[in-house]
K.L.:
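Sharing a structure below in structure tokens format, with a few things to ask.
The structure presented is a predicted model; accordingly, all values stated were derived computationally and were not measured.
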Amino acid sequence: PVQYKLVLAFSVVITLFFVSNIRALLQELHHVPHVTTAVIAIASVVANEALYRYMHCVGNEMNSATVKATAWAVRSDAFTSLAVLISVCR
């Protein structure tokens with residue numbers, strides 16, 4: 001009963017969000033990213049790469065496949081931040 005209403009309300013909000021974003025993309029209503037976005041993206045790339053290197057070393061020392069896999073997940077976050085940086089600076 002109450003859960004269904006919450007799920008329905010959440011679904012409506014998400015649908016409206018996606019529709020408005022698709023409409024903005026189709027109408028090319030793009031805003032120029034602020035310089036702060038690039039600075040944060042750079043910081044994110046550096047922090048995630050440093051965290052990857054640390055976690056990878058710990059994984060090797062502990063001989064833990066789980067820690068190494070988590071390190072690779074962190075590195076993928078660094079690549080995502082790098083993609084954001086490239087798209088902001090183009």
Side-chain angles (χ1 to χ4, degrees):
V2 174
Q3 292 92 356
Y4 295 121
K5 290 179 182 178
L6 288 175
V7 170
L8 179 62
F10 183 73
S11 299
V12 168
V13 168
I14 295 297
T15 302
L16 291 174
F17 175 76
F18 281 118
V19 167
S20 67
N21 283 328
I22 290 170
R23 187 174 294 147
L25 285 173
L26 293 176
Q27 295 174 356
E28 297 185 25
L29 298 175
H30 301 286
H31 300 283
V32 177
H34 198 269
V35 174
T36 308
T37 307
V39 172
I40 291 172
I42 291 169
S44 179
V45 169
V46 171
N48 280 315
E49 183 62 22
L51 185 58
Y52 159 77
R53 290 174 187 250
Y54 174 76
M55 290 179 71
H56 193 71
C57 286
V58 169
N60 284 335
E61 288 176 4
M62 295 176 58
N63 197 22
S64 171
T66 304
V67 175
K68 289 183 205 176
T70 304
W72 278 103
V74 170
R75 183 171 251 186
S76 72
D77 292 341
F79 287 134
T80 302
S81 296
L82 184 61
V84 169
L85 179 63
I86 291 169
S87 68
V88 165
C89 293
R90 64 178 180 110

K.L.:
Hey, quick one: are Val46 and Ile40 part of the same hydrophobic cluster, counting side-chain heavy atoms closer than 4.5 Å, chains of contacts allowed?
P.N.:
no
K.L.:
Specify the closest pair of heavy atoms between Asn48 and Ser81, including all atoms of both residues, with the distance to one decimal.
P.N.:
ND2-OG, 4.0 Å
K.L.:
Would you please test Met55 and Trp72 for side-chain contact (heavy atoms from CB on, under 4.5 Å) and show each step?
P.N.:
CA-CA 9 Å; Met55 290 179 71; Trp72 278 103; over 6 Å; no
K.L.:
Just how far is it from atom OG of Ser44 to atom CD of Glu49, taken to the nearest 0.5 Å?
P.N.:
11.0 Å
K.L.:
Of all the heavy-atom pairs spanning Val45 and Leu82, show the shortest one and how long it is.
P.N.:
CG2-N, 3.5 Å
K.L.:
Return yes if some donor-acceptor pair links the side-chain N/O of Ser11 with the main-chain N/O of Val7 below 3.5 Å, else return no.
P.N.:
yes
K.L.:
Short question: side chain of Ser76, backbone of Ala73 - any donor-acceptor pair under 3.5 Å?
P.N.:
yes
K.L.:
Any chain of hydrophobic side-chain contacts (each under 4.5 Å) joining Phe18 to Phe10?
P.N.:
yes
K.L.:
Any chance you could measure Phe17, atom CZ, to Thr15, atom OG1, to the nearest 0.5 Å?
P.N.:
11.5 Å
K.L.:
When Ile, Leu, Val, Met, Phe, Trp and Tyr are grouped by side-chain heavy atoms lying under 4.5 Å apart, directly or through other members, which residues fall in the same group as Val84?
P.N.:
Val88
K.L.:
Taking transitive links into account, so neighbours of neighbours count too, which hydrophobic residues share a cluster with Val39 at under 4.5 Å side-chain distance?
P.N.:
Val35
